[in-house]
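To start, the structure itself, in structure tokens.
Each chain gets a letter, A, B and so on, in the order the sequences are listed, and its residues count up from 1.
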4 protein chains.
Amino acid sequence: MPPAHPFDDDKLKEECGIFGVVGVTDAANFVALGLHALQHRGQEAGGIVSYHPDHGFNSARRFGYVRDNFTSQKLMETLPGDLAIGHVRYSTAGSKGQTQIRDVQPFFGEFSMGGAAIAHNGNITNAEALRRELIDRGSIFQSSSDSECIIHLMARSLQRNIPERMEDALRRVEGAFSVVAMTRTKLIGVRDPLGVRPLVLGRIGDGWALSSETCALDIIGAEYVREIDPGEMVVITADKGVESIRPFRPQKSRFCIFEHVYFSRPDSIIGDRSVYETRRQIGVELAREAPVEADLVCPVPDSGTPAAIGYAHESGIPYGMGIIRNQYMGRTFIEPTEQIRNMGVRLKLNVNRALIKGKRVILVDDSVVRGTTSRKIKEMILDAGAAEVHFRIASPPTAWPCFYGVDTPQREKLLAATMSEEEMRDHLGVDSLKFISLDGLYRAVGEASGRDARSPQYCDACFSGEYPVKPSDMVEKGFQMKAAE
Amino acid sequence: MPPAHPFDDDKLKEECGIFGVVGVTDAANFVALGLHALQHRGQEAGGIVSYHPDHGFNSARRFGYVRDNFTSQKLMETLPGDLAIGHVRYSTAGSKGQTQIRDVQPFFGEFSMGGAAIAHNGNITNAEALRRELIDRGSIFQSSSDSECIIHLMARSLQRNIPERMEDALRRVEGAFSVVAMTRTKLIGVRDPLGVRPLVLGRIGDGWALSSETCALDIIGAEYVREIDPGEMVVITADKGVESIRPFRPQKSRFCIFEHVYFSRPDSIIGDRSVYETRRQIGVELAREAPVEADLVCPVPDSGTPAAIGYAHESGIPYGMGIIRNQYMGRTFIEPTEQIRNMGVRLKLNVNRALIKGKRVILVDDSVVRGTTSRKIKEMILDAGAAEVHFRIASPPTAWPCFYGVDTPQREKLLAATMSEEEMRDHLGVDSLKFISLDGLYRAVGEASGRDARSPQYCDACFSGEYPVKPSDMVEKGFQMKAAE
Amino acid sequence: MPPAHPFDDDKLKEECGIFGVVGVTDAANFVALGLHALQHRGQEAGGIVSYHPDHGFNSARRFGYVRDNFTSQKLMETLPGDLAIGHVRYSTAGSKGQTQIRDVQPFFGEFSMGGAAIAHNGNITNAEALRRELIDRGSIFQSSSDSECIIHLMARSLQRNIPERMEDALRRVEGAFSVVAMTRTKLIGVRDPLGVRPLVLGRIGDGWALSSETCALDIIGAEYVREIDPGEMVVITADKGVESIRPFRPQKSRFCIFEHVYFSRPDSIIGDRSVYETRRQIGVELAREAPVEADLVCPVPDSGTPAAIGYAHESGIPYGMGIIRNQYMGRTFIEPTEQIRNMGVRLKLNVNRALIKGKRVILVDDSVVRGTTSRKIKEMILDAGAAEVHFRIASPPTAWPCFYGVDTPQREKLLAATMSEEEMRDHLGVDSLKFISLDGLYRAVGEASGRDARSPQYCDACFSGEYPVKPSDMVEKGFQMKAAE
Amino acid sequence: MPPAHPFDDDKLKEECGIFGVVGVTDAANFVALGLHALQHRGQEAGGIVSYHPDHGFNSARRFGYVRDNFTSQKLMETLPGDLAIGHVRYSTAGSKGQTQIRDVQPFFGEFSMGGAAIAHNGNITNAEALRRELIDRGSIFQSSSDSECIIHLMARSLQRNIPERMEDALRRVEGAFSVVAMTRTKLIGVRDPLGVRPLVLGRIGDGWALSSETCALDIIGAEYVREIDPGEMVVITADKGVESIRPFRPQKSRFCIFEHVYFSRPDSIIGDRSVYETRRQIGVELAREAPVEADLVCPVPDSGTPAAIGYAHESGIPYGMGIIRNQYMGRTFIEPTEQIRNMGVRLKLNVNRALIKGKRVILVDDSVVRGTTSRKIKEMILDAGAAEVHFRIASPPTAWPCFYGVDTPQREKLLAATMSEEEMRDHLGVDSLKFISLDGLYRAVGEASGRDARSPQYCDACFSGEYPVKPSDMVEKGFQMKAAE
């Protein structure tokens with residue numbers, strides 16, 4: 001359980017993926033497959049709740065990969081019914097130290113009108129204040145998760161049915177959240193008013209599915225119908241289908257632009273754009289903004305690959321796999337040896353020496369967070385005899401932490417928070433280092449005229465420091481927001 | 001333990017990887033890292049034996065990945081010493097049904113002059129005859145592994161030291177084998193007279209390493225020195241270094257050509273050739289031999305990627321990732337649900353629909369064995385709206401089973417054993433299907449004038465049916481060899 | 001986890017043991033030892049909560065024996081601090097089907113003035129009504145345990161400190177309960193107004209202990225101080241010692257008489273009486289009330305042994321071990337074979353044939369519940385060649401279920417609920433069957449003039465059907481109380 | 001796996017129990033039950049081998065109790081067939097440090113005429129010399145067990161069938177051994193020429209059973225037929241029944257007298273004597289030899305109980321349970337806390353204070369080995385307020401180690417090897433200490449005129465130092481035998 005991450009602490013980490021289905025036999029099996037397709041959004045633990053009229057609500061929560069837990073006949077037989085939701089998680093805000101199994105979603109609550117389960121992707125930025133208020137009123141918290149607030153708020157609502165109690169609860173909540181929930185008959189999906197985190201609707205046979213991304217609809221053979229709108233709540237039953245409700249005051253949407261850059265799978269579709277194609281286009285923009293003479297364009301696998309293909313295509317410089325990824329590398333170790341701890345990225349990546357030797361190499365990576373991995377990769381490339389190393393980064397400098405459901409280091413650990421591009425280049429010891437511009441990124445995601453500085457089309461707080469929702473718990477704890485200009 | 005393989009039964013499977021080091025502190029840690037880098041050669045189980053003057057021989061054998069077992073402080077502390085060898089395995093010839101932990105190598109034997117451990121990559125083609133003979137003489141076998149014969153032959157040798165006993169034993173053995181072995185002071189490596197399976201020598205600090213492939217030298221920071229020659233035995237001690245012995249009658253070498261095509265990792269070097277570059281070159285040859293008009297060259301990940309890059313480069317058709325691989329997919333399940341069993345390749349691969357739609361797609365794969373996966377991939381591509389699907393295969397038709405340490409289906413299960421190229425194309429339902437020619441493959445591995453039909457430079461029995469060593473156990477059981485022409 | 005009980009379903013089962021200490025280093029270790037000594041009160045699961053100023057509250061809950069879980073260095077290091085409480089359980093009222101780990105006590109709640117943990121022996125007879133009320137007011141229940149009500153009642157109390165909140169909560173609770181609880185500084189003990197379940201106070205060094213029985217004080221070397229009084233609450237701190245509070249209206253005490261007969265360990269002291277001596281005295285009374293000519297007095301091990309010694313002594317008939325107990329028998333199996341399921345009592349007991357053969361045997365057992373085990377023992381004795389079999393039972397006929405924290409079958413399953421003594425004798429097929437009279441039992445526990453029928457000194461509802469607290473949840477569900485005479 | 005024994009290091013430990021059946025459906029289930037009944041003979045590990053014509057030989061070996069392993073449907077289904085043997089073990093001679101699962105019997109060997117499995121109770125006193133010889137001839141040993149020699153000797157025999165090969169092998173073996181073995185059709189039992197270790201024959205339905213003790217026949221409902229004679233080999237088939245062979249030169253029998261005193265279960269029958277009755281009679285003899293004025297006769301549970309009953313009966317002093325045993329105490333811990341390690345006997349035994357207080361107590365125990373437990377018990381009794389403590393021991397002073405299959409400390413650790421009776425009394429700090437005389441013990445086992453000093457009827461080497469078989473491996477290592485008188 002206590003995971004040691006010998007590398008990969010140099011990426012931002014999406015904290016959750018959510019999935020739900022209604023109106024299909026053995027719904028939990030579909031949820032398991034959906035969560036497997038969303039595993040990149042959270043690898044620490046997963047949970048599924050199902051409902052069957054004869055067996056009531058059942059749940060299973062496990063540490064580890066979906067494929068190692070939710071594939072066994074024996075476990076899945078304990079999750080019968082036509083309605084189920086599930087969750088994969090990386091870690092929640094607010095947890096100190098080690099995650100407990102009781103922190104793993106979905107959460108379940110028994111209300112006087114019946115039970116409900118809820119799973120949540122995002123982060124509630126006023127969770128601590130809410131928790132204090134609820135405890136004062138007599139609620140007993142079982143977990144350290146911010147999501148448990150929602151269940152307790154629902155328990156105290158004066159409304160007579162569960163969807164209305166959920167509306168009540170979510171109106172007290174600040175932050176970014178996409179929610180899937182279920183009662184005995186209803187599958188419910190909600191996105192926060194800004195629509196920061198994704199949530200899509202799919203059709204499978206006579207039933208319906210909700211998912212963080214479209215790639216999870218593909219795996220179960222569901223048809224992609226549409227995105228849930230920012231601020232929309234859908235209440236879905238097997239017989240009456242999808243009912244749409246707007247519980248919040250309308251606002252201009254601010255979808256997370258980093259979903260395009262890194263979080264979402266390349267085979268997913270966001271809006272009507274292919275994530276793969278967006279990333280390839282980022283590479284094209286980057287080749288225009290930051291050209292350099294070289295012999296080889298080489299991705300840092302696997303997340304840098306589409307941008308590298310785009311860069312190579314636009315620049316005309318040959319594309320090649322200069323770094324090979326070990327397919328048998330997992331993410332964590334239980335009490336590893338000292339040697340394993342020190343191996344870092346070499347456990348996962350090896351240089352294709354014969355290809356690299358003597359070449360001027362352009363390395364294309366998705367982002368630079370702490371810069372630790374970038375340094376090690378550069379060293380490996382130089383050890384293998386590269387003549388020059390040029391880094392091209394498919395996102396702008398990550399200078400601000402995310403408080404909307406992404407695991408980011410404290411601001412002072414972010415390389416771009418303390419260094420200029422030139423300082424970073426020297427720090428990494430490469431021949432050149434270029435990030436795509438914020439405008440270039442907006443162009444790649446389809447905003448032909450770039451970023452609208454007065455009213456940005458996306459949430460890009462990690463690059464710009466402009467937070468669309470005030471992170472009030474963090475501000476209370478002393479986080480210094482960017483001064484208004 | 002009972003592995004269900006929902007896909008990947010459509011590849012040939014290397015059965016083993018071997019690794020050993022002498023003259024380094026905590027040798028077993030290095031072996032664990034080496035085996036991790038060789039995990040692609042065998043995922044079912046692994047074992048390590050180490051020797052320490054104060055603690056004697058110690059061993060650990062485990063089912064599952066190296067990274068899940070041989071990374072823990074607690075286990076590795078039980079394997080002290082400066083000398084260690086290890087093994088990863090897929091499955092051995094001769095095992096009926098389920099593998100037992102006692103079948104997992106290295107094997108250990110106590111002789112009157114001390115103990116020895118031995119690990120082996122390959123297959124002994126006269127193992128059953130040897131086993132019968134040894135049992136008649138009073139040997140007690142503990143495993144169903146062909147490799148245990150070597151230990152018993154050594155126990156009965158009249159020689160006075162272990163390396164000479166090993167020479168005695170290996171002279172009675174037929175087939176393909178690369179061996180690493182150890183006594184209390186010596187690390188020993190041997191390749192069979194034809195050199196069918198690989199074995200390389202590396203230098204690490206003041207010590208030495210033996211490995212199936214160079215990529216495992218890279219991970220521990222060892223320098224690649226040279227290949228062990230076909231028919232060579234090396235006896236290595238920390239103080240005296242490498243002694244070379246030639247225990248067998250010299251023969252012309254017949255290295256396994258499929259190591260170039262699929263088994264070895266692309267970042268390994270065989271002889272003086274980069275495996276990645278060879279595979280890219282296969283793509284180039286394939287583009288020349290079998291051009292087609294199309295919009296996109298798309299690899300079947302991950303093994304088809306280098307050839308696809310080569311094909312795209314040579315043909316000028318854009319390269320793109322039309323199929324996305326789920327990184328969290330392992331290979332096996334314990335008692336999976338029916339649904340999981342039926343998912344097959346969709347658990348691992350998803351189509352990048354937005355990229356594929358409306359395009360004429362060239363899919364580049366490394367090989368076609370049973371054809372089951374190829375069919376499913378074709379269906380996924382067509383479902384996603386591809387206009388045409390053209391398969392290009394980076395190896396000749398696999399028409400004969402391998403008896404030299406590779407897990408192949410029975411001959412009648414091999415698609416190419418019963419169908420012509422046209423029949424296969426119709427069976428797979430694709431617009432065109434082309435395999436690289438045997439001569440083209442030989443050119444790609446550096447034989448400018450192609451295959452020498454009278455005295456082939458490689459073992460290519462899986463394509464040609466010409467077996468350089470008679471598979472005598474199999475022939476005895478009724479296997480029909482190709483009629484002499 | 002799913003326990004199969006192949007035998008022993010023929011005993012009443014105490015549902016819980018509780019233990020707590022304050023003012024000693026590594027308090028959790030003492031709690032583990034105490035729970036080990038109380039294991040006979042509950043074998044299904046156990047839990048410990050400890051508090052350390054630097055590490056806060058920590059808890060561990062496990063299925064299985066204390067000795068298999070709470071003895072390991074590794075686990076116990078996670079439970080630091082000078083203050084800890086613990087619980088062993090058999091099963092709780094209200095749980096349908098399988099126990100979940102979340103049902104295992106102690107329960108923990110975070111209040112605005114800090115956290116508290118609570119463990120409970122007994123049963124809350126109005127738990128279901130309380131639960132409905134609390135859910136209506138917005139409480140979220142995590143377990144199916146009746147004990148969780150106490151935590152939620154505390155959360156809603158308007159009092160400013162935890163002991164007063166506990167008083168508030170317990171005044172709403174009906175039934176039988178002994179409670180140990182803890183805050184960050186206080187160890188708290190409470191017995192219900194009737195004092196149905198036991199709770200004793202001990203002194204250990206400069207610290208204090210609370211325990212269900214004195215045998216658990218012995219194991220940690222604590223000195224027995226006194227019983228907690230019925231209706232008393234003690235609040236203990238390391239520095240100020242024991243403060244005594246009386247939160248309830250005074251009532252005449254009604255201690256459970258079956259604690260003397262069976263539940264408590266023979267080496268415990270209840271009040272100022274040795275349990276062993278009481279049981280021996282029951283045998284003496286039984287020999288006087290129900291003499292019979294015979295050759296051998298033989299206990300049904302182990303619970304019948306003291307009464308058999310008393311019977312033999314009083315009657316002058318030799319005492320002998322006619323039935324031998326297998327020491328390696330545990331209580332439960334995971335998915336046992338059919339044969340194991342059918343073995344029943346023979347897995348645990350064997351007849352000492354040589355001793356029994358040809359003898360007239362008096363078998364002394366503590367109680368008859370369903371009578372299933374008694375029948376099997378009788379058959380074993382006759383198979384071994386006994387000339388006669390006379391059963392003498394150290395308790396009156398068990399004709400009514402217990403609702404105060406004891407696992408009893410439904411009334412219709414109790415042999416004595418549907419049969420007279422003669423009918424039971426015929427049903428069991430023995431030569432004679434005699435139970436001790438209720439008056440004889442009262443004399444054995446020290447009430448010289450027997451039972452005071454108008455105001456019984458003990459709770460003997462299982463024999464008399466006179467329930468000192470109305471079991472309101474059960475009555476609501478249709479349980480028929482004894483008609484007033 | 002690494003067992004810590006916090007107490008009980010103060011008993012001699014039988015090293016093994018063996019059991020086999022032929023001619024019954026699901027034979028392995030019967031073996032599991034038999035081994036459960038023999039668990040007192042070995043608690044570290046157990047193994048079962050079965051044979052089924054369609055499934056061949058199957059085996060399972062596990063650390064821990066029979067009841068925790070060999071009761072599950074899932075495991076037992078892997079052991080089909082009508083013929084099976086099994087083994088429970090404490091530890092084998094010759095194993096250094098920790099037992100490996102490969103050391104757990106039965107051992108299996110594949111011979112040219114088919115396979116055979118063998119399990120063994122006792123100790124081969126020339127095992128090391130045999131092992132050296134066999135390794136010189138080319139045998140590969142897999143375990144550190146002395147029993148493996150038998151299999152290798154059999155493999156080298158020139159005989160044509162397995163029973164004759166076993167005769168050949170056992171004639172080369174010195175020491176004490178009872179063996180059960182099996183081929184594809186035969187169940188085989190052998191006792192060494194002196195008959196040191198027990199082995200009995202039973203009839204079950206149309207089949208047959210072999211067992212270390214009769215109590216294991218009882219549990220499966222088998223009828224006790226007779227003992228296997230010293231030096232007898234029985235070969236049993238389902239259809240032809242029992243064939244008796246005498247492979248050894250006849251010798252006068254020397255059964256282990258300690259089986260009567262401690263090893264065997266009290267409900268077993270040895271020869272035609274009840275073990276319980278023998279032990280009771282030892283108590284009677286002890287009361288005659290070593291009377292003392294006292295108020296209470298109290299057994300050290302459980303092994304001292306029958307002798308205490310006999311002592312109380314003969315002396316007329318009341319019998320009482322002054323020491324209570326915790327039924328939930330197992331024998332071993334995995335990495336226990338310091339506190340657990342120091343608890344020793346208090347984890348298992350508690351004093352019945354109310355009974356002991358102020359009394360002159362006679363404690364009856366079966367033996368004194370190191371004396372460590374006796375000291376702790378004495379302290380507990382005195383702490384509880386006993387007026388006097390008198391130890392009466394149901395065996396003579398244990399002054400010599402056993403080399404015939406019993407785990408004994410080295411001679412210098414045996415209290416009686418270095419101290420006289422008076423010195424032991426002072427060392428233990430008791431008011432008196434008396435051991436039964438060797439002649440008294442012989443009388444209790446039925447030898448009316450006591451021990452025949454010139455030709456003792458039993459092996460009593462642990463008391464007398466007269467070893468009926470020279471322990472040659474030990475003598476070679478320097479063990480000093482008693483000087484001839």
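Interface remark: D/R102 contributes no atoms to any contact with chain B (heavy atom separation under 4.5 Å). Of the atoms belonging to D/E110, heavy atoms from both backbone and side chain fall under 4.5 Å from chain B. Residue D/F141: no heavy atom, backbone or side chain, is found under 4.5 Å from chain B.
With a 6.0 Å radius and a threshold of 12 heavy atoms from other residues, nucleotides or ligands, B/R137 has its CZ atom at or below the threshold. Within 6.0 Å of CZ in B/R184 there are 12 or fewer heavy atoms belonging to other residues, nucleotides or ligands. B/R156 CZ: more than 12 foreign heavy atoms inside a 6.0 Å radius.
D/K477 is not listed as a side-chain neighbour of D/D473, based on a closest heavy-atom distance of 4.5 Å or more.
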